[in-house]
Structure formats: C-alpha cells, structure tokens
Amino acid sequence: MIAIIDYGMGNLRSVHNAFKFIAPQIESVVTSDPAIISKADRIVFPGQGAMPDCIRELEKRGLREIVKDSATSKPFLGICIGLQMLFDESEEGDVQGLGIFRGNVKRFKSFNNIKIPHMGWNEVYQETVHPIWENIGSAERFYFVHSYYVEEEDSSIKTGTANYGDKFTAAVAYKNIFAVQFHPEKSAEPGLQLLKNFISWTV
Amino acid sequence: MGLAKRIIPCLDVNAGRVVKGINFIDLQDAGDPVEIAKKYNEEGADEITFLDITASSDNRDLILDIIESVAKQIFIPLTVGGGVRSPDDVRRLLNAGADKISINTSAIINPELVAEVSSRFGSQCIVVAIDAKKVGNQWEVFTHGGRKSTGLDAVEWAKRMVDLGAGELLITSMDRDGTKQGFDVALTKLISDAVEVPIIASGGVGNLQHLVDGVLLGGADAVLAASIFHYGEYTIHEAKEFMHNNNVEIRL
C-alpha cells in the first residue's frame, strides 16, 4: 500500500490520480493517520504552498515523527515542498525543517529577468544513476512550480539538476529516499514513468 | 537549455460542453471536454485552460465533473477560470483536480479575495486574468468582455495583483481578442517587465508567427490560444515546431 501523506496543505488529488492511473491494482491512500502511514509499504510526501506553513500543519497533526521514521525505513518519495521540508531551514520563514538532510532552502534571485515562481517545463539532468531514473532520458523535461530551491551541504545526495538563472538541485537521493522539486504527477509521460519506477523500486 | 515557453490551448466550456471548435474529425464527440483535452495532451500541450462560460447557475457544477474526469486521465497542469467568486469556489475546483484557478472580475470587485485565496491555497495556484484595452496612451482594465471600463490602469493593477499574491498573470488584449491580428505585444511587454511573476499572453492569435512574437517581442512566458487550435488550422505540435525553429525554447 502507498500512503500519500496529507497534512492539509494543497491538493493531493493529482498525486493520487496519477498512482491510480499507472497502477490501479496497487492500493494508494491519501492519509494523515499515523497507523496507516506506519503500515504502508511506500510513502509519498507531497507539498504545495509555503514550506513554513507545511511544517506547521505537519506538526499540528502530530506527523513530524512518523514522517521522519518512514524516511529512514521504506521507499520514500518527496515532491516539491516535500523535498524542501527534508532540509534544515528555509529563507521562506522561521521554522525548523525535518533536518534529514543538511542544507537550506533558498529563494531564486530575480536577476537576468528571470520570473519567479519558476513555472513550467524544464530539463532535468541526471547527475547519478538511480533506479528511479530508469527509462527516463537525461535532459527530459518535467513540470516545475516553485520559488525556492534546496542547497544541500553533501553534494553526493544530488541526483538531478536544472538550470534557472543558475544551476540548482532538482532531485536528491539517499538510501530509501528520493525527492524531487518538480511535479511528476503533472509531467506527462516522463512523470508517470518516474512514479512507475518508484512503485517498483526495491531499496 | 532551461525553462521552456508554454503553449496553452484554452477551451470554452458551456454547461459541460466545449462550445468552440469542433474540427477534430477523428473525435467521436468533439464537444466532449475530456476527449478534446486528451487530444491536446497527445499533441503536446504544456497546460490546458478551461474557461467556464456557463451563464446559468444550475449548470455551473458541471465544470467540477469535467475537471474531475480530465484530471484522472491527463497528467499536465489544468487551469480553470470563469465565475470564480469565493474561496469556496477555489477550494472546490482544486479538490476536483484543477492545479491553478484563474480569477478575473471577482478580483476587481474584491481585490482581497486574491490575498485570501493565495495565502490559503498558495500563490502557485492563483492566476489573475486581466482584460485590458488601450485608452489613449495607456491600457485600462475592462470587464464584461471589454465593454465596461474599470478606470484602472492595467500595469498598476497587474502590480497590485502580484503584491496581493497572484502567482501568474493572464493578460488578454480586448482590442485584439477575436481579430487574429496577433497579441498586443506592447501591452504584454509592459506588464511582463513590471512584475516578477510569469505572464501568459492572450487575445488575437491568428497564425504561428504571432505565438513567436508574443514570446520574443512581448516577453511572455506562455501563450494562450483558442481558435487556431480548435478549428484545426494548426496542431499544437505544428505550433511547437514553428516556435522551436524560430528560436523559442519549447518542450518538443
């Protein structure tokens, strides 16, 4: 069973729809119930909006620890703010991230006329080989919408990058965790392929 | 290479049916929004916008059913506009599977609505649509399909909407809309330079060069068109090839 963690921020419908579309035979649930989350085989940790709000809502529902636990134990896919929350701090506001990865979340600088948010389809360059990238070409385009990006201290976790004004981290991978800044559930075929790879990923 | 410019086909929906453009000969039911959305997705549309023009409130919930079925089968961003009046309207559309909600007249009646919904649901899902018309040497915001002036300066209004939390602006030239004379690139450029958020150019597309001009001259981040795609004059794929061949970065 795949648990899509719901902490009241944003629309999880698309993520759920995408899993039902690619793997109707696999049960996927949108849940904020720690019992279901701990029972699930795979965890999807999405997020929209502002990271500080996401962290606060997560805490309000008492989900901080269970998310941290699942991030150390089973296939775990972070999406968008679900990637950013795995880090220490964000320029977006004064809250502690989950601190699973060392590093911070920074805002794009508005130079060279780049628009913020970074919105649309950008090329993602694969920096390492990973089962989640299987059957997806490097430089394939994925759909992004965000104003902040992660800056990791340990560059070995970086598995995908993209260019926007400057090169930034678009995906990180470490043991059972794979987390992306873009939205695979909105990225047409390559996105669906990534989600399929997640379903069959054995850690 | 970096971020691609987007091509967004727009579907006008009335009481659950697509009302413009029925020229897809290979579709069994060309008025079916789900069929058309699928077709556009296959052709490579970067997003799809649904504009609900349903007048009768009895039929207004039909758009929710449409979004729900499209979102189950098509995995690109979906924007919905038309008749969005309250935070509850926004919530219901998002829950049905829309990714972005476009607000037009309601923002003029109550600008605080933009602040409220963007702080509640995130700026990333709030698009403010601005219908502008040239009056003298500047552009004013109009309502009622370009018939009623609000007296608001379009550039100032655009800035204010972004300050209140709009994550993207859809700029329609009411002078050009329906004329096939091309976007008002001067208007697009003025607003694009004035705000930090992405701009979608709309109104007036008659050929593929107009799409290129919207990006290269107007500084648009995305281009929206309805009739050139609906009536089968061009496919989305042809539009993308053309833009690509004219130095616009595109997702092919």
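Please read these numbers as outputs of a predicted model, since none were measured by experiment. Below, all heavy atoms of this structure are taken into account, side chains as well, without hydrogens, waters or symmetry copies. Order of the sequence lines sets the chain letters (A, B, ...), proteins ahead of strands, with each chain counted from 1.
Both the backbone and the side chain of B/Ser192 come within contact range of chain A, with heavy atoms under 4.5 Å apart. When heavy atoms are compared at a cutoff of 4.5 Å, B/Ala222 does not approach chain A at all. Only the side chain of B/Arg6 comes within less than 4.5 Å of a heavy atom of chain A; its backbone N, CA, C and O stay farther away.
Ring orientation note: the planes of A/Phe87 and A/Phe101 are tilted relative to one another, at an angle of 30° to 60°.
Residues of residues 209-217 of chain B lying within less than 4.5 angstrom of chain A, judged on heavy atoms, are absent.
Aromatic ring centres of B/Tyr234 and B/Phe229 lie farther apart than the 6.0 Å criterion allows.
Listed options B/Val195, B/Leu3, B/Asp221 were ranked by heavy-atom pairs under 4.5 angstrom with chain A; first place goes to B/Leu3.
When each of A/Phe144, A/Tyr148, A/Tyr149 is checked for a ring-ring contact (aromatic ring centres under 6.0 Å, His included) with A/His146, only A/Phe144 meets the rule.
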For residues 182-191 of chain A, which side-chain donor-acceptor pairs fall under 3.5 Å, sequence neighbours excluded?
| from | atom 1 | to | atom 2 | distance (Å) |
| --- | --- | --- | --- | --- |
| A/His183 | ND1 | A/Glu185 | OE2 | 2.8 |
| A/Lys186 | NZ | B/Ile76 | O | 3.1 |
| A/Lys186 | NZ | B/Asp99 | OD2 | 2.8 |
| A/Ser187 | OG | A/Tyr143 | N | 2.8 |
| A/Ser187 | OG | A/His183 | O | 2.7 |

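Remark: B/Arg160 engages B/Pro111, B/Trp157, B/Leu164 in a side-chain contact (heavy atoms from CB on, under 4.5 Å) (not counting sequence neighbours). Under the salt bridge (Lys or Arg N to Asp or Glu O under 4.0 Å) criterion, B/Glu196 pairs with A/Arg107, not counting sequence neighbours.
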For this session: Report the C-alpha distance between A/Tyr125 and A/Glu123 in whole Å, list the side-chain angles of each, state the deciding distance to 0.1 Å, and finish with yes or no for side-chain hydrogen bond (donor to acceptor under 3.5 Å, both in side chains).
Result: CA-CA 6 Å; A/Tyr125 305 102; A/Glu123 293 183 342; 2.5 Å; yes
